[in-house]
Amino acid sequence: MSAGIQLFTFFISFLYGILFSFLTRWHFHVILSNSIIMKYLSTILFMIDVVLGYVIIMYHINQGVIHIYFLLFVFFGFILENILHKYVKLPKCI
């Protein structure tokens with residue numbers, strides 16, 4: 001894999017971590033008013049969709065090669081968005 005593809009994959013993984021953080025927060029607000037069975041079912045489906053989405057993106061970028069450092073960038077994006085969410089309050093859209 002060339003260096004350009006690796007750098008692009010790092011960037012996409014980082015952005016996916018930020019998107020994952022947004023989606024996780026949104027999913028948490030959605031499941032608050034549901035029954036316990038719906039909470040478990042929707043959480044399982046949510047996690048399957050998120051993982052499948054990442055695998056499909058990686059398949060299109062670099063033929064499905066997923067290294068641990070790509071997953072670390074997803075984690076860094078997730079953590080950074082959570083930290084920024086604490087300090088930067090945006091108006092609620094919903």
Side-chain angles (χ1 to χ4, degrees):
M1 181 178 338
S2 70
I5 292 176
Q6 281 187 349
L7 289 174
F8 183 65
T9 306
F10 287 147
F11 179 70
I12 294 299
S13 295
F14 184 75
L15 290 179
Y16 198 80
I18 293 172
L19 176 69
F20 178 56
S21 180
F22 279 126
L23 291 176
T24 303
R25 191 171 294 112
W26 175 76
H27 178 70
F28 180 73
H29 289 298
V30 168
I31 66 170
L32 285 177
S33 63
N34 290 333
S35 68
I36 192 79
I37 294 172
M38 287 304 294
K39 287 181 183 182
Y40 284 122
L41 285 176
S42 65
T43 301
I44 290 169
L45 289 175
F46 173 72
M47 293 308 294
I48 289 171
D49 288 343
V50 167
V51 170
L52 187 61
Y54 185 71
V55 169
I56 289 171
I57 290 172
M58 288 299 112
Y59 178 75
H60 287 293
I61 293 175
N62 60 9
Q63 290 76 38
V65 177
I66 299 175
H67 294 287
I68 188 71
Y69 46 86
F70 295 152
L71 298 176
L72 287 175
F73 270 81
V74 171
F75 179 72
F76 290 146
F78 185 87
I79 295 299
L80 180 70
E81 198 280 326
N82 280 329
I83 291 170
L84 289 177
H85 182 74
K86 288 180 185 176
Y87 297 113
V88 178
K89 296 297 181 188
L90 297 175
K92 293 192 179 205
C93 297
I94 299 174

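Between Asn82 and Ser21, the shortest heavy-atom contact is OD1-OG, 3.1 Å.
Linking Ile, Leu, Val, Met, Phe, Trp and Tyr whenever their side-chain heavy atoms come within less than 4.5 Å leaves Leu32 and Ile36 in two separate clusters. Linking Ile, Leu, Val, Met, Phe, Trp and Tyr whenever their side-chain heavy atoms come within less than 4.5 Å leaves Val51 and Leu41 in two separate clusters. Side-chain heavy atoms closer than 4.5 Å link hydrophobic residues (I, L, V, M, F, W, Y) into clusters, and following such links, even through other members, never connects Phe28 to Phe20. Cluster membership for Val50 and Leu45, using ILVMFWY side-chain heavy atoms within less than 4.5 angstrom, is not shared.
In this structure, Leu7 CG and Ile12 CD1 are separated by 12.0 Å, a value rounded to the nearest 0.5 Å. Once rounded to the nearest 0.5 Å, the distance linking CD1 of Ile48 with OG1 of Thr43 reads 11.0 Å. Atom-to-atom distance recorded for Phe11:CZ and Tyr16:OH is 15.5 Å, nearest 0.5 angstrom. The line from CZ of Phe22 to NE2 of His85 is 8.5 Å long, rounded to the nearest 0.5 Å. Considering CG of Leu84 and CD1 of Ile79, their distance stands at 11.5 Å, rounded to 0.5 Å. Taken from CG in Leu52 to CE in Met47, the straight-line distance is 12.5 Å, to the nearest 0.5 Å.
The shortest distance between side-chain heavy atoms of Met38 and Ile31 does not fall below 4.5 Å. Residues Tyr87 and Ile83 meet the side-chain proximity criterion, which asks for heavy atoms closer than 4.5 Å.
The closest donor-acceptor contact from the side chain of Ser42 to the backbone of Lys39 lies under 3.5 Å.
By the 30° and 60° cut-offs, the orientation of the rings of Phe73 relative to Phe14 is perpendicular.
In the displayed structure, Ile37 atom CD1 is contacted under 6.0 Å by at most 12 heavy atoms of other residues, nucleotides or ligands.
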Show the atom names and distances, to 0.1 Å, of all donor-acceptor pairs under 3.5 Å that link a side chain in residues 53-70 to residues at least two apart or in another chain.
unit_1	atom_1	unit_2	atom_2	d
Tyr54	OH	Ser13	OG	2.8
Asn62	OD1	Val65	N	3.3
Asn62	ND2	Val65	O	3.2

Full working for side chain to side chain contact (heavy atoms under 4.5 Å, CB included) between Phe46 and Leu23: CA-CA 9 Å; Phe46 173 72; Leu23 291 176; 3.8 Å; yes

